[in-house]
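Heads up: the structure comes next, in structure tokens.
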Amino acid sequence: MTAPGHVEPARRRGLADEVADRLREGIFAGVYAPGRQLREVELSAALDVSRGPVREALRLLEREGLVRCSWHRGATVTTLSSADVAELNSLRGALEDLAVREAVRNATDDDLAAVAAAAEAMRRATDPHEVARHDIAFHDAVFAASHHRRLVEAWQGIRNQVHVFLLTRIARSTEGYLDAVPDEHRELAALLRSRDAAAALPRFAEHRARAFDVLTAED
């Protein structure tokens, strides 16, 4: 127990965090697809660690929304229901609309250059999972350009789930993703650079709607 007036010393980054990093990377790279079971025994053998850090890592990923744990199935990579898709789309839209308005008002030239660079990086990607990673990085840059700390924190709270949203989108269909999406992001970056919120907001909304339509086309 800590004495009054004192705080516990900071803990060093543990093995569970490193395992969580490896598993998160595997999910984003498509190694562990949505719905894939993550068995502790298999993961501990593959990562050469005991089951304890694996179990703790899975709990960390569950808090991020990347993994779902249940008593009868164990841990599985999150599969988004139609309700999940709708909620993420609406919440992301509300946050991103504010981010665009704030970025138009507050972004520095360096901020806008970072947004443009993220869009350009997408054009060089050759794999859908790599494009999805740059897609998230682009939106990270937009939120950073808002210079709105609490808004950035709110985005950080859902960004990994939005990444699963994109992975689910490319699992459903990659048609137009490699070809059209990088050009869409270049256009969005240019609109931010023009600092015209009235023009940028509907284009960002259309961009989100295309992914949403792919995921709901068969619902």
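Values below: all heavy atoms of this structure, side chains included; hydrogens, waters and symmetry mates excluded. Everything numeric here is computed off the predicted structure, so don't read it as measured data. Numbering of residues begins at 1 and proceeds along the displayed sequence.
- We find the CZ-CG distance between Phe204 and Leu188 to be 4.5 Å, quoted to the nearest 0.5 Å.
- Side-chain atoms of Asn106 do not come within 3.5 Å of backbone N or O of His147 as any donor-acceptor pair.
- Ring to ring, His129 and Phe28 are not that close: their centroids are 6.0 angstrom or more apart.
- A donor-acceptor pair under 3.5 Å links the side-chain atoms of His148 to the main chain of Leu151, judged by distance alone.
- Note that CD of Glu62 and CG of Leu66 are 10.5 Å apart. Values are rounded to the nearest 0.5 Å.
- Linking ILVMFWY side-chain heavy atoms closer than 4.5 Å, directly or via other members, places Ile136 and Val152 in a single hydrophobic cluster.
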Step by step, would you call Leu23 with Leu47 a side chain to side chain contact (heavy atoms under 4.5 Å, CB included)? CA-CA 10 Å; Leu23 295 178; Leu47 299 172; 4.2 Å; yes
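- With values rounded to the nearest 0.5 angstrom, Leu98 atom CG is found 8.0 Å from Phe143 atom CZ.
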Determine whether Val214 and Tyr177 satisfy the following criterion, side chain to side chain contact (heavy atoms under 4.5 Å, CB included), listing intermediate values before the conclusion. CA-CA 11 Å; Val214 170; Tyr177 192 68; over 6 Å; no
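- The two residues Pro53 and Leu15 have their closest heavy-atom pair at CG-CD2, 3.6 Å.
- Scanning both residues, Ala125 and His134, for their nearest heavy atoms gives CB-CD2, 4.1 Å.
- Distance alone, capped at 3.5 Å, places no donor-acceptor pair between the Arg51 side chain and the Arg55 backbone.
- Residues Val104 and Asp196 are not in side-chain contact: their nearest non-hydrogen atoms beyond the backbone lie 4.5 Å or more apart.
- Linking ILVMFWY residues whenever their side-chain heavy atoms come closer than 4.5 Å, directly or via other members, places Leu215 and Leu88 in the same cluster.
- Formation of a donor-acceptor pair under 3.5 Å by the Thr78 side chain with backbone atoms of Gly65 is found in this model.
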Please evaluate residues Leu112 and Arg195 with respect to the criterion side chain to side chain contact (heavy atoms under 4.5 Å, CB included), reporting the C-alpha separation (whole Å), side-chain torsions for both, the decisive distance (0.1 Å), and the verdict. CA-CA 10 Å; Leu112 296 174; Arg195 298 185 185 274; 3.5 Å; yes
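- The nearest pair of heavy atoms linking Ala189 to Ala119 is CB-CB, 4.5 Å.
- Considering only heavy atoms from C-beta on, Val19 stays 4.5 Å or farther from Leu43 through its side chain.
- In this structure the side chain of Glu87 never reaches within 4.5 angstrom of the side chain of Arg92, judged on heavy atoms.
- Side-chain contact between Pro34 and Leu80 is absent, with no heavy atoms from C-beta onward closer than 4.5 Å.
- Thr108 contributes a side-chain N or O that, together with a main-chain N or O of Asp111, makes up a donor-acceptor pair within less than 3.5 Å.
- Using a 4.0 Å cut-off between a side-chain N of Lys or Arg and a carboxylate O of Asp or Glu, Arg24 and Asp21 qualify as a salt bridge.
- Both Val67 and Phe165 are members of a single hydrophobic cluster when ILVMFWY side chains are connected at heavy-atom separations under 4.5 Å.
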Arg208 vs Asp213, test: salt bridge (Lys or Arg N to Asp or Glu O under 4.0 Å). Steps then yes/no. CA-CA 9 Å; Arg208 292 190 300 270; Asp213 289 345; over 6 Å; no
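- Using modelled atom types, no side-chain atom of Thr76 and backbone atom of Arg36 make a donor-acceptor pair closer than 3.5 Å.
- Here the closest heavy-atom approach between residue Leu60 and residue Ala20 is recorded as CD1-CB, 4.1 Å.
- A pairwise comparison of heavy atoms in Leu167 and Ala132 identifies CD2-CB, 4.5 Å as the closest pair.
- Look at Arg159 and Glu64 and you find no salt bridge, because none of the NZ, NE, NH1 or NH2 atoms lies under 4.0 Å from a carboxylate O.
- Between Arg22 and Glu18 there is no salt bridge, since no side-chain nitrogen of the basic residue lies less than 4.0 Å from a carboxylate oxygen of the acidic one.
- Put simply, Leu91 and Phe212 are part of the same group of oily side chains (I, L, V, M, F, W, Y) that touch within less than 4.5 Å, one to the next.
- Between Val164 and Val77 the shortest side-chain heavy-atom distance does not fall below 4.5 Å.
- Taking CZ of Arg63 as the reference point, atom CG of Leu58 lies at 11.0 Å (rounded to 0.5 Å).
- With rounding to the nearest 0.5 Å, the separation of OG1 in Thr168 from CD in Gln161 is 11.0 Å.
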Could you check His185 against His139 for ring pair (Phe, Tyr, Trp, His ring centres under 6.0 Å), going step by step and ending with a plain yes or no? CA-CA 9 Å; His185 284 81; His139 294 281; 5.4 Å; yes
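- The pair Glu184-Arg210 meets the salt-bridge criterion, with a side-chain N (NZ, NE, NH1 or NH2) lying under 4.0 Å from an Asp/Glu carboxylate O.
- When hydrophobic clusters are built by joining Ile, Leu, Val, Met, Phe, Trp and Tyr residues whose side-chain heavy atoms come closer than 4.5 Å, directly or via intermediates, Phe138 is not grouped with Val181.
- Rounding to the nearest 0.5 angstrom, the gap separating the CZ atom in Arg101 from the CG atom in Leu201 is 5.0 Å.
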Check step by step if side chain to side chain contact (heavy atoms under 4.5 Å, CB included) holds for Arg186 and Glu120. CA-CA 7 Å; Arg186 291 181 73 195; Glu120 288 299 318; 3.0 Å; yes
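- Between Ala103 and Leu192 the shortest heavy-atom distance is CB-CD2, 4.5 Å.
- A salt bridge links Asp84 with Arg68: the closest approach of a Lys/Arg side-chain nitrogen to an acidic carboxylate oxygen falls below 4.0 angstrom.
- Here the side chain of Asn89 pairs no donor or acceptor atom with the backbone of Val85 at under 3.5 angstrom.
- We find that Glu56 and Arg59 are not joined by a salt bridge, their nearest charged nitrogen and carboxylate oxygen being 4.0 Å or further apart.
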